Amino acid sequence: MPDSFYFPVFTGLLTEEHVEKIGPALWEFLWLIAKTTKETTENGETIGIVLGGRPIKNVEIAESLGTSLRSTERNISRLKKYGYIDTKRTPYGNIFKVKNSKNSIKTEPSKMAELKKENRQIWIENRHFW
């Protein structure tokens, strides 16, 4: 990623359950979250579409992260196994979908304002730890 930018990751991922399931696949998961460009709803669940549904080769993810293709493939399989992502294989790569996506917060100012207020309160309550 040439330019740095903000993207939301909720603290719910920091629970023991998710740490155990995601494990070493964290970086691939964050890459997919960061590359989510739109959201849809399927069966009542919000699904993030990665790069607009463009097929992505695993080697593209591996090169971007500076990891081996084998590690990236193993980590993508892990994310699929535990239900964090879905993929659809195409001749040109995989189409990735991130389950339970929360990227729409980028475009919903009311939710962002609510989160800022909540985070400010958490900081005030815990500032003595920093």
Side-chain angles (χ1 to χ4, degrees):
M1 287 182 221
D3 295 323
S4 291
F5 60 92
Y6 164 85
F7 65 96
V9 177
F10 284 79
T11 58
L13 284 177
L14 302 177
T15 64
E16 185 177 348
E17 172 193 3
H18 292 300
V19 169
E20 194 173 298
K21 287 180 180 178
I22 295 172
L26 176 65
W27 301 109
E28 286 80 2
F29 192 46
L30 290 175
W31 191 93
L32 293 168
I33 292 170
K35 298 289 186 171
T36 298
T37 54
K38 66 180 181 178
E39 292 182 333
T40 63
T41 303
E42 296 178 9
N43 301 321
E45 182 179 23
T46 305
I47 304 295
I49 309 298
V50 177
L51 292 177
R54 173 179 72 80
I56 304 165
K57 294 183 178 181
N58 289 340
V59 70
E60 180 181 343
I61 299 170
E63 287 175 356
S64 178
L65 295 174
T67 60
S68 71
L69 176 58
R70 178 77 178 107
S71 291
T72 297
E73 289 173 339
R74 185 173 42 249
N75 290 336
I76 294 295
S77 293
R78 182 182 190 106
L79 293 171
K80 286 170 42 177
K81 174 183 174 182
Y82 288 111
Y84 290 97
I85 64 169
D86 275 331
T87 62
K88 180 180 180 185
R89 190 169 181 178
T90 74
Y92 303 104
N94 291 307
I95 295 172
F96 288 93
K97 295 180 178 182
V98 177
K99 294 184 171 183
N100 199 20
S101 180
K102 292 182 173 48
N103 259 6
S104 64
I105 196 150
K106 288 187 219 175
T107 57
E108 295 182 25
S110 62
K111 285 187 179 180
M112 187 58 87
E114 184 180 314
L115 278 174
K116 284 180 180 178
K117 183 178 178 183
E118 182 180 319
N119 287 339
R120 190 177 313 113
Q121 185 61 36
I122 291 169
W123 184 84
I124 289 168
E125 291 171 1
N126 294 294
R127 67 178 174 234
H128 61 278
F129 291 114
W130 295 305

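Everything quoted here is computed from the prediction, not taken from an experiment. Positions are given from 1, in the same order as the sequence printed here.
The shortest heavy-atom contact between S101 and G48 is CB-N, 3.3 Å. Across V98 and F29, no two heavy atoms sit closer than the pair CG1-CE1, 4.0 Å. Here the closest heavy-atom approach between residue T90 and residue I95 is recorded as CG2-CD1, 3.7 Å. For I56 against L51, the heavy-atom pair with the smallest separation is CD1-CD1, 3.6 Å. Counting all heavy atoms, side chain and backbone alike, V50 lies closest to T37 at C-OG1, 4.4 Å. In terms of heavy-atom proximity, Y84 sits nearest to L13 at CE2-CD2, 4.4 Å.
I49 places a side-chain heavy atom less than 4.5 Å from the side chain of K97.
Remark: side-chain polar atoms of T67 are not paired, donor with acceptor, to backbone N or O of T72 under 3.5 angstrom.
Under 3.5 Å, the side chains of S64 and W31 contain a donor-acceptor pair of N or O atoms.
For the salt bridge (charged side-chain N to carboxylate O under 4.0 Å, His left out) condition, the pairs that include at least one residue of residues 15-31, sequence neighbours left out, are E17-K21.
Atom-to-atom distance recorded for R78:CZ and L26:CG is 11.0 Å, nearest 0.5 angstrom.
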Report task. With salt bridge (Lys or Arg N to Asp or Glu O under 4.0 Å) as the test, would you mind laying out the steps for K35 and E60 before giving the verdict? Result -> CA-CA 12 Å; K35 298 289 186 171; E60 180 181 343; 6.0 Å; no

